[in-house]
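Notes for the one structure printed next.
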Amino acid sequence: MAERLDEQTLHASQVPWSTVIWNDPVNLMSYVSWVFRRHFGMTRQDAERAMLAVHHDGRATVAEGNREAMERHVEAMHEYGLWATVEKAPR
């Protein structure tokens with residue numbers, strides 16, 4: 001007997017997206033951490049952790065949600081001078 005997979009159609013607003021911050025040779029680590037605290041409301045510890053991920057791993061996911069909200073975050077990050085992109089979040 002064949003197994004049946006349950007499929008569900010998702011509306012575009014239900015597909016999760018991520019805001020990814022990329023390492024760059026310009027911004028100080030303290031500045032990146034400050035931006036994360038100011039814009040995303042992260043605690044100092046969470047901001048430091050995300051900043052270190054950017055520094056050591058070359059990238060960090062700092063937010064997840066619908067695409068429009070993530071695009072707004074990316075635009076804000078660009079205004080702060082950070083490199084950021086939108087990606088589909090892993091499921």
Side-chain angles (χ1 to χ4, degrees):
M1 181 172 226
E3 246 183 77
R4 180 167 183 249
L5 297 175
D6 288 332
E7 291 185 17
Q8 180 181 10
T9 303
L10 296 176
H11 184 273
S13 65
Q14 296 172 299
V15 175
W17 292 83
S18 300
T19 297
V20 178
I21 308 298
W22 298 90
N23 194 25
D24 66 59
V26 178
N27 292 297
L28 296 173
M29 293 189 293
S30 58
Y31 175 70
V32 174
S33 180
W34 176 83
V35 169
F36 292 167
R37 289 192 323 270
R38 179 172 177 102
H39 181 78
F40 296 104
M42 291 182 180
T43 65
R44 184 176 296 278
Q45 184 177 14
D46 288 341
E48 293 290 319
R49 188 177 302 117
M51 175 274 297
L52 288 173
V54 171
H55 182 70
H56 293 296
D57 302 332
R59 61 178 276 154
T61 299
V62 293
E64 290 189 355
N66 68 50
R67 185 174 181 143
E68 292 78 18
M70 297 307 100
E71 288 174 348
R72 285 191 298 274
H73 286 317
V74 167
E75 186 176 325
M77 293 302 99
H78 291 171
E79 290 174 4
Y80 282 110
L82 302 183
W83 294 353
T85 57
V86 174
E87 292 182 355
K88 276 191 179 178
R91 289 175 157 226

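Since we're looking at a predicted model, the values are computed, not measured.
Scanning both residues, A47 and M42, for their nearest heavy atoms gives CA-SD, 3.7 Å. The heavy-atom pair separating M70 from W17 by the smallest distance is CG-O, 3.6 Å. The two residues H55 and N23 come nearest to each other via the heavy atoms O-ND2, 3.8 Å. Between T19 and H73 the shortest heavy-atom distance is OG1-CB, 3.5 Å. Residues A84 and V74 come closest through the heavy atom pair O-CG1, 3.5 Å. Heavy-atom minimum distance, R49 versus D46: NH1-OD1, 2.8 Å.
Both M77 and M29 belong to a common hydrophobic cluster when Ile, Leu, Val, Met, Phe, Trp and Tyr are linked at side-chain heavy-atom distances under 4.5 angstrom. No continuous path of ILVMFWY side-chain contacts below 4.5 Å connects M51 to V26, so the two sit in separate hydrophobic clusters. Linking ILVMFWY residues whenever their side-chain heavy atoms come closer than 4.5 Å, directly or via other members, leaves L28 and W22 in distinct clusters. Under the 4.5 Å side-chain heavy-atom criterion for Ile, Leu, Val, Met, Phe, Trp and Tyr, V54 and W83 are members of distinct hydrophobic clusters.
Rounding to the nearest 0.5 Å gives a distance of 6.5 Å between CD of E87 and OG of S18. Annotation: the span from T85 atom OG1 to I21 atom CD1 amounts to 8.0 Å, rounded to 0.5 Å.
Y31 is linked by a ring-ring contact (aromatic ring centres under 6.0 Å, His included) to W34, counting only residues two or more places apart in sequence or in another chain.
Ring pair Y80/H39 is perpendicular by interplanar angle, where above 60° counts as perpendicular and below 30° as parallel.
Enclosure of atom CD in E75 is not indicated, since only 12 or fewer non-hydrogen atoms of other residues, nucleotides or ligands lie within 6.0 angstrom.
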